[in-house]
Amino acid sequence: MIFPDFPALLLDWYDQNARILPWREDPTPYHVWVSEIMLQQTRVEAVKPYYTRFLSALPDIRSLAEAPEEQLLKLWEGLGYYSRVRTLQKAAQTLISDYNGALPADYAALLSLPGFGPYTAGAVASIAFNLPVPAVDGNVLRVTARLTASFADITKPSVRTEVTEALQQILPTDRPGDFNQALMELGATVCLPNGAPRCDACPLSTICEGHQQGFAAALPQKAPKKPRRIEERTVFVLLSQEHAALHKRPDTGLLASLWEFPSVEGALTPDEATAFLTGMGLSIQKLSALKPAKHIFSHIEWVMTGYLVWLSEMDNRFIWADQEQLEGDYALPSAFRVYYTACKKALKKEQML
Ligand code: SF4
């Protein structure tokens with residue numbers, strides 16, 4: 001049961017404390033949508049520059065629908081979860097073909113678009129169109145669990161449904177978008193995760209059962225995540241004549257269709273790496289070890305061994321990019337950041353010789 005005074009207290013607080021964010025300055029449906037997709041699994045501060053850059057390159061649904069894939073991926077480079085931007089474009093294409101190029105002001109129609117789940121549809125419907133629909137994300141689940149002193153497992157879909165239904169009952173119909181944003185904002189800035197709620201700064205402390213009963217920090221309850229699978233990889237930064245070798249990943253699976261430095265499974269020693277590349281018919285001039293690196297995906301963790309390898313000639317099994325092309329034309333996933341930096345440094349040094 002969520003206390004009935006809760007929306008008024010929350011909105012008063014939001015009116016005084018809402019952060020100034022670029023997508024709140026001009027909340028058109030397109031702007032709200034792009035920001036919501038970018039904010040999935042990415043922090044607000046990290047999203048800001050991407051949001052601005054993305055909108056200046058693709059200012060409307062049509063330009064998004066028609067953007068070449070390489071431009072799209074380059075604009076997303078570093079944000080991760082590239083399937084989000086591909087799905088964003090698919091939805092834009094659907095809007096052009098079926099909705100006269102505009103987002104529909106209808107929850108069910110939004111929900112039917114590619115990449116729209118109940119949260120995104122609720123956020124766009126309420127923030128952009130002022131429709132009275134809840135938007136329940138992780139922040140909202142945490143705040144409501146503490147507020148109601150609920151020990152239910154918030155990873156269960158049934159709990160999300162219960163919270164959505166409870167919020168639907170009290171959602172203020174005059175300001176549904178502000179209410180949803182206020183709840184998320186409270187979760188992001190006051191009712192913080194990992195046992196650290198700032199109850200002394202919270203507008204809901206007088207009605208919060210978790211706080212009143214003294215166990216807010218122990219909430220919410222979540223089923224433990226499965227441990228990530230560790231995968232060892234050896235990454236080769238292959239260089240020749242001021243160019244670096246790139247390879248396109250398969251169309252499906254992890255980092256689908258993205259560019260990468262050639263890599264193989266396993267942690268190869270320098271001798272094994274030399275034997276492997278020589279076995280491929282590549283002629284090595286020099287091979288040196290790079291820093292080991294790690295990258296965490298949602299279900300897998302890559303533990304990477306890297307080598308910088310100068311070859312006597314370019315091999316046509318790879319695409320070869322010079323420094324400018326590497327920076328301007330090819331989107332490399334952030335998993336390769338350490339090796340990308342080493343590659344650019346080596347190419348620059350070579351240019352200066
Ligand atoms: Fe969260 Fe504390 Fe506010 Fe309750 S009082 S909603 S636990 S910050």
Side-chain angles (χ1 to χ4, degrees), residues 1-21 23-24 32 35-36 39-48 117-120 122-123 125-127 130 132-225:
M1 167 67 192
I2 295 177
F3 200 75
D5 282 355
F6 156 50
L9 290 171
L10 186 65
L11 284 169
D12 282 351
W13 171 83
Y14 185 65
D15 289 340
Q16 305 294 321
N17 293 280
R19 287 173 293 179
I20 296 169
L21 301 173
W23 43 92
R24 287 187 181 156
V32 172
S35 68
E36 285 298 338
L39 287 164
Q40 287 167 15
Q41 327 242 16
T42 311
R43 287 176 308 107
V44 164
E45 285 309 313
V47 163
K48 283 181 187 172
Y119 168 74
T120 308
S126 62
I127 301 169
N130 226 24
V133 191
V136 178
D137 71 349
N139 281 323
V140 173
L141 289 168
R142 179 172 64 257
V143 174
T144 52
R146 288 173 174 170
L147 210 51
T148 57
S150 165
F151 280 83
D153 174 359
I154 62 161
T155 61
K156 283 189 176 165
S158 59
V159 172
R160 185 179 286 261
T161 305
E162 277 168 28
V163 170
T164 306
E165 286 170 0
L167 291 174
Q168 185 74 67
Q169 304 295 319
I170 56 157
L171 194 72
T173 48
D174 56 336
R175 298 181 64 188
D178 284 348
F179 175 80
N180 285 337
Q181 291 187 91
L183 203 45
M184 290 184 248
E185 188 91 348
L186 191 80
T189 62
V190 177
C191 194
L192 301 171
N194 306 322
R198 295 171 49 225
C199 303
D200 51 344
C202 180
L204 308 180
S205 59
T206 53
I207 59 163
C208 176
E209 289 177 25
H211 174 57
Q212 300 289 333
Q213 295 176 32
F215 48 69
L219 295 170
Q221 293 285 295
K222 285 187 204 174
K225 280 189 189 165

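When a ligand or atom number is given, it counts from 1 through the structure's own listing order. Remember, predicted model here, so these are calculated numbers, not experimental data.
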Subject >> Which residues share a ring-ring contact (aromatic ring centres under 6.0 Å, His included) with Trp23, sequence neighbours left out >> reply: Tyr51

Original post:
Parallel, tilted or perpendicular: which fits the ring planes of Phe151 and Phe215, with parallel below 30° and perpendicular above 60°?
Top reply: tilted

Subject >> Every N, O or S from the protein that is nearer than 2.8 Å to atom 3 (Fe) of ligand 1 >> reply: Cys202 SG

Original post:
Under a 4.5 Å cut-off applied to non-hydrogen side-chain atoms, are Pro134 and Thr164 in contact?
Top reply: yes

Original post:
Tell me, do Leu21 and Val47 make a side-chain contact under 4.5 Å, heavy atoms counted?
Top reply: no

Original post:
Is a salt bridge present between Glu185 and Arg24, judged by a nitrogen-to-oxygen distance below 4.0 Å?
Top reply: yes

Subject >> Ion pair Asp15/Arg175, N-O distance below 4.0 Å >> reply: yes

